[in-house]
Amino acid sequence: MDLALLRTFVTVHRAGSFTRAAALLGLSQPAVTSQIRTLERQLGRPLFLRQARGVTPTTIGDELAHKAAPHLDALVEIAESGLEEDSSLRTLHLAGPPEFTAERALPALTELTGEDGQGFALRASFGTADEVLEGLAAGHHDLAISTVRPRGALLTATALCDEEHVLVAAPHRAEQIGAGSLRRTGPAALERVPVVEVHESLPFVARYWASVFGSRPVCPGTVIVPDLRAVLACATAGAGLAVLPRYLVAGALERGEVVALHEPAVPPLRTYFLAVRTGTLAMPHIARAHEWLERAAADWC
């Protein structure tokens with residue numbers, strides 16, 4: 001049986017789509033369709049059921065994927081290991097949210113880009129959860145950090161760490177609200193305080209209000225800046241209250257540039273996931289970066 005046909009089959013099985021598989025393989029969609037039809041003729045059985053959106057494997061298709069995929073992944077590992085001595089062939093493409101990737105992931109990976117013969121070149125890009133997962137599925141990235149767990153067989157995700165959210169404001173804003181008033185009155189004490197956020201939908205503030213207060217925020221005015229580091233800068237300058245990850249705001253809290261307005265017994269959390277295309281952990285440089293990030297994340301929680 002032609003290994004190229006099996007490789008195309010496994011890619012379609014994981015992608016759930018001829019179109020997405022074609023993008024991953026660098027082939028045209030008609031070429032992928034032709035290869036699958038050839039394999040189906042050789043086996044005398046249909047491997048996929050065509051649907052309006054993508055394909056679903058038949059029982060035979062699932063059985064073949066279960067048997068073939070581990071061996072194809074092992075062949076990829078052998079091929080990649082044979083290229084280990086040429087570092088120019090190893091480039092890791094990482095994608096994730098700008099703040100977390102810049103503050104956490106990239107510093108952790110810099111040790112792997114050295115000249116010890118085991119390093120690799122590193123390329124990073126930023127985007128929303130949907131953007132980085134779509135780019136990973138399309139083959140543009142090797143690893144993706146996302147706050148959304150991907151579904152389907154094409155991508156595999158590991159929980160990386162939990163991010164605690166903190167309600168903060170500049171000291172003079174806290175004085176305006178009044179010490180201890182938030183504990184007595186709840187969110188009503190904050191209804192006249194402007195909000196700094198990353199989007200008009202107020203994703204961080206709304207999530208905090210729903211989790212801690214069981215209500216929706218009432219905001220008289222907002223400052224919208226599409227980067228959490230800019231949100232912190234605006235909050236520090238007194239533009240309004242903000243909900244920020246503790247890792248990002250910890251230094252400002254220690255320096256007294258902002259203060260925590262509320263310390264709930266159970267703070268809101270958001271989970272980050274480290275995602276790869278299924279099978280690509282057979283590649284040594286991707287596996288090493290994946291393991292390194294998991295190890296580093298143990299100190300981030």
Side-chain angles (χ1 to χ4, degrees), residues 95-108 124-132 145-148 161-264 266-272 300-301:
E99 306 87 359
F100 186 88
T101 305
E103 300 289 330
R104 293 297 205 194
L106 289 177
S125 59
F126 302 142
T128 64
D130 289 340
E131 289 169 346
V132 300
I145 298 171
S146 170
T147 54
V148 175
C161 66
D162 289 328
E163 170 187 271
E164 179 186 341
H165 289 176
V166 188
L167 178 63
V168 300
H172 76 272
R173 286 285 186 187
E175 291 178 3
Q176 291 174 359
I177 296 170
S181 63
L182 186 57
R183 285 189 292 272
R184 295 193 307 271
T185 66
L190 305 174
E191 291 182 358
R192 296 182 180 181
V193 184
V195 168
V196 188
E197 257 284 13
V198 294
H199 190 269
E200 297 287 352
S201 63
L202 309 182
F204 283 83
V205 171
R207 187 183 301 114
Y208 190 97
W209 254 244
S211 175
V212 175
F213 302 127
S215 62
R216 294 183 179 181
V218 178
C219 305
T222 59
V223 176
I224 304 298
V225 286
D227 188 293
L228 290 175
R229 291 161 295 191
V231 171
L232 175 58
C234 291
T236 301
L241 63 83
V243 174
L244 290 164
R246 185 171 289 279
Y247 79 85
L248 191 63
V249 78
L253 286 169
E254 291 177 5
R255 294 187 295 270
E257 297 168 352
V258 294
V259 296
L261 299 177
H262 189 45
E263 293 287 354
V266 181
L269 299 176
R270 183 170 68 166
T271 301
Y272 282 97
W300 299 341
C301 300

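- Atom CH2 of Trp300 and atom CG of Asp162 lie 13.0 Å apart (nearest 0.5 Å).
- In plain terms, the two heavy atoms of Val259 and Ala174 that are nearest each other are CG2-CB, 3.4 Å.
- The neighbour count for Arg229 CZ, taken as heavy atoms of other residues, nucleotides or ligands under 6.0 Å away, is above 12.
- Closest non-hydrogen pair, Val198 versus Pro203, comes out as CG2-CG, 3.8 Å.
- Annotation for Ala105 and Ile145: closest pair CB-CD1, 3.5 Å, computed over non-hydrogen atoms.
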Inset, instruction - Please test Arg270 against Phe100 for side-chain contact (heavy atoms from CB on, under 4.5 Å), starting from the C-alpha separation and ending with a verdict. - result: CA-CA 12 Å; Arg270 183 170 68 166; Phe100 186 88; over 6 Å; no

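- Taking all atoms of both residues into account, the shortest heavy-atom contact from Val231 to Ala242 is CG1-CB, 3.6 Å.
- Within the 4.5 Å cutoff, no side-chain heavy atoms of Glu131 are placed close to those of Ser125.
- Taken to the nearest 0.5 Å, the OG1 atom of Thr236 stands 8.5 Å off from the CG atom of Leu244.
- Contact check for Val258 versus Leu253: side-chain heavy atoms found under the 4.5 Å cut-off.
- Within the 4.5 Å cutoff, no side-chain heavy atoms of Tyr208 are placed close to those of Leu202.
- The backbone N or O of Val148 lies less than 3.5 Å from a partner atom in the side chain of Ser146, making a donor-acceptor pair.
- A salt bridge does not link Arg246 to Glu103: none of the charged nitrogens lies less than 4.0 Å from a carboxylate oxygen.
- In this structure a side-chain-to-backbone donor-acceptor pair under 3.5 Å is missing from Glu164 to Pro267.
- Within the model, atoms OG1 of Thr222 and NE2 of His199 stand 11.5 Å from one another, a figure rounded to the nearest 0.5 Å.
- The two residues Pro97 and Tyr272 come nearest to each other via the heavy atoms CG-CE2, 3.8 Å.
- Atom CG of residue Leu241 and atom CG of residue Leu167 lie 5.5 Å apart, to the nearest 0.5 angstrom.
- Between Val195 and Pro217, every side-chain heavy-atom pair lies at or beyond the 4.5 Å cut-off.
- The shortest heavy-atom contact between Ala170 and Gly238 is CB-CA, 4.0 Å.
- A distance of 6.0 Å separates CG in Leu190 from CZ in Phe213, rounded to the nearest 0.5 Å.
- Judged by distance alone, the side chains of Glu163 and His165 do bring a donor and an acceptor atom under 3.5 Å apart.
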